Structures are given as structure tokens and as C-alpha cells.
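Here is the naming used below: chain letters follow the sequence lines, and residue numbers restart at 1 for every chain. Treat the numbers as computed from the prediction; the structure is a model and nothing was measured.
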Number of protein chains: 2
Amino acid sequence: MRISTRGEYGVRAMLDLALYSSDEPVPLSAIAARQDISEHYLEQLISALRKAGLVISFRGAQGGYQLAKPAEEITIGEIIRTLEGPIAPMKCVEGSHTDCTQSELCATRVLWQKLQASMEAVLETTTLAWLKDKAQKIQATAANQR
Amino acid sequence: MRISTRGEYGVRAMLDLALYSSDEPVPLSAIAARQDISEHYLEQLISALRKAGLVISFRGAQGGYQLAKPAEEITIGEIIRTLEGPIAPMKCVEGSHTDCTQSELCATRVLWQKLQASMEAVLETTTLAWLKDKAQKIQATAANQR
DNA sequence: CCAATTCCGAGGAACTTGGTCGGGATTGTT
DNA sequence: AACAATCCCGACCAAGTTCCTCGGAATTGG
């Protein structure tokens, strides 16, 4: 019942972009170094994020990545779904499966749907901007205590 | 981000017990047959449920299993936690880890805690009795339509 | 005593995870 | 034009997890 490193790294990479990108694109190596993630592995993940339209890339020297949209318009759900597949605690609540052979199975299905709905509620309403704001506030607090 | 068959089968087995057990204990073979689950595999799962105090067993001929408590007092969360481990979408929100090296990690941690809380809210407030009731209502509806 | 049943630990095939490796394509800089 | 930085792509692989199977010992009602 865990989100794998794909989702975790993906969210961290997107947060990194939200925090550290300016006009110039951020090269993969910088994200990987800051977030302490294998560069080659992260490449696979960010490639998926690019294909999903969440980041844009610039090739060649001085190239790198940027968010494709304002952080306010990117939800954590989009990131997770891109990297981990549908947010569904059970196969039978992916898409629109209506084929339940046993009535008991249907009863459990209602349960999984409730669970899925509550997970989606959190992930689809939390934006990257919210996460960025949280991170900056934590940084500020840490700076004050110094 | 899926619950594995351990959790799925476990919930179904417990629901089966809630639905079909009377005074006499229900043998594993009956549950396995009704739920179409490998008997040997289910044995491992129900053994864990027994050690967790969710079912009680009777050995020997005419033996079998029964719920250890009324269905009202058994939550789906207990079942899932027994079979799948802590309900935590990420390692860092299991138990009380307070060691965040980077502030960005702490920001994502707040996110995972929100997600965890919403999952627990569903799983800990849903009881086996609720599920049993759902299953019986679905059965009744199906019977009427015939 | 016997059949039904739970209890227990070892093993194993298939899949998933979390990467590595090597090289090609593109582009700013000199 | 050359070069270095960088993205892009596909193949491969080790370790772990999942989802079982198998064989047999212990217990107990009839």
C-alpha cells in the first residue's frame, strides 16, 4: 500500500523545479544532485512527465527542464497518475468495471471506491504551488531558528 | 498504489465469516471454495488474522474459524494492517519519523501525512458489519430482480 | 483408530522495483 | 567547424516482493 520511488521522486523533482527554476531551464543533473536521486533513473521519470505535458524540455547546451504550467495548475494527482498509473487501491475500481460475479465482491467494491475517492480527494486538490509554499515556510522557520 | 491480494482476500475471508458463520465454526475449505481462493494461500492469511486476534480457530474434526469479536467491532483497517502492514503511503510516515534532512522532504512529508490520514479515516471507520450489511442488501436486490 | 481439520516452515516461479549502461540527437558557445 | 553540455531512447539486470505450492506434523470429534 505504498507509493513507490517513482511517485516519490517524481513529486520531489517537480517540487525542485517549482522552487529552483527561473527563466533558464534547470538541467537534470542539478535536480538529481539536489534531490540525491540517480540521474539516469530520474531521466526515465522526467521523460514520462514530459510526455504527459507536465514539464517542457530544452535540448542542447544550456538546456534543461521547466514546468509546463504554473505550479497552481499542477496537482499532485497528475504527477502520481503519470508515474504510478491510475490511483486505485484495487484493480476492480480502475476505470468503469461493472462486472461483479458475486454480490460479496460488489460489496467490497463499494469499500474500495470509498477508499479511492478519499485518496483522490487529497491528491487532486493539492497543487504543486501548495507544496512549494509549504517548503518555503519550512525553510524560513529553519532560517529563523539559526 | 494497490492493496495486494493479501488484503483483498483477507477482507473477503472475513466478510465470508461474517456472512456464513453460525454457532459452528467454518472450515477453511468452505471459505476458500466460496471465495475462489487457493486454500493453502488463504491458510497463511487467516493464520495471521488469528495471531492478530481477529478470528479464533478450532482444531480437529468439525473445526474451523469464527470471528473473534462481533462484526461491529472489527474495522477494515485492522484487517488491512494485519495483512499488509502499516497503512502508510510512504516509509517516512510510518510510526514517528521526525528526521528530515532537507526541508523539501519535510514539505512532501506533510503531503503524505494528509494522504495517510484520509486513507485511515475510511479504513478505520468502516466496520465488517457495514460491509456485511452492504453485501446482504445487494443480495436482496439481486433476488428481487429475478 | 480414523478422518477432518488446523498449524507450520520450506521452496519457487513470475512479476515489479529500482536502477545501470551505452550511445544517438540536438544546440549554445567558442 | 568543433566541442561540450544536455536531452532522448532502448536494452539489460539484480534484488525484492507477490502469490502461491508442497509436504508433513499436531489436534480432536465420531
Short side-chain N/O contact from A:Y9 to OP1 or OP2 of C:dG19, under 4.0 Å: yes
Is there a donor-acceptor pair closer than 3.5 Å between any side-chain N or O of B:S118 and the backbone N or O of A:S118? yes
When the distance from CD1 of B:I56 to C1' of C:dT6 is rounded to whole Å, what number comes out? 14 Å
Can you name the residues that form a side chain to side chain contact (heavy atoms under 4.5 Å, CB included) with B:I138, not counting sequence neighbours? A:S103, A:C106, A:A107
Under 3.5 Å donor-acceptor, A:E84 side chain and A:S4 backbone: yes
Along nucleotides 6-18 of chain D, 5' to 3', which nucleotides get a B, which get an S, and which get a -, given that the test is a protein heavy-atom distance under 4.0 Å? BBBB-B-------
Go through the steps for A:L111 and B:K134 under the test side-chain contact (heavy atoms from CB on, under 4.5 Å), then give the verdict. CA-CA 9 Å; A:L111 165 66; B:K134 260 305 187 240; over 6 Å; no
In whole angstrom, what separates B:R2's CZ from C:dT17's C1'? 15 Å
Take atom CD of B:Q66 and atom P of C:dT5, then tell me their distance rounded to the nearest Å. 14 Å
Strictly distance-based, threshold 3.5 Å: is any side-chain N or O of B:Q113 a donor or acceptor partner for the main-chain N or O of B:V93? no
Which pairs with one or both residues in residues 6-26 of chain B pass side chain to side chain donor-acceptor pair (under 3.5 Å), sequence neighbours excluded? A:E104-B:Y20, B:E8-B:R12, B:R12-B:Q35, B:D16-B:R34, B:D16-B:Q35
Dot-bracket encoding of pairs in DNA chain C, which uses [ ] for pseudoknotted crossings and | for another strand, Watson-Crick or G-U under 3.5 angstrom: ||||||||||||||||||||||||||||||
So side chain to side chain donor-acceptor pair (under 3.5 Å) across residues 47-70 of chain A, not counting sequence neighbours, yields A:K69-A:E78
Please state whether the phosphate of D:dT21, meaning OP1 or OP2, lies under 4.0 angstrom from any side-chain nitrogen or oxygen of B:S38. yes
Can you measure A:I3 atom CD1 to C:dT17 atom P for me and round it to whole angstrom units? 12 Å
How long is the line joining CG of A:L42 and C1' of C:dG18, in whole Å? 13 Å
Going by the rule side chain to side chain contact (heavy atoms under 4.5 Å, CB included), which residues pair with A:T125 if we only count those two or more places apart in sequence or in a different chain? none
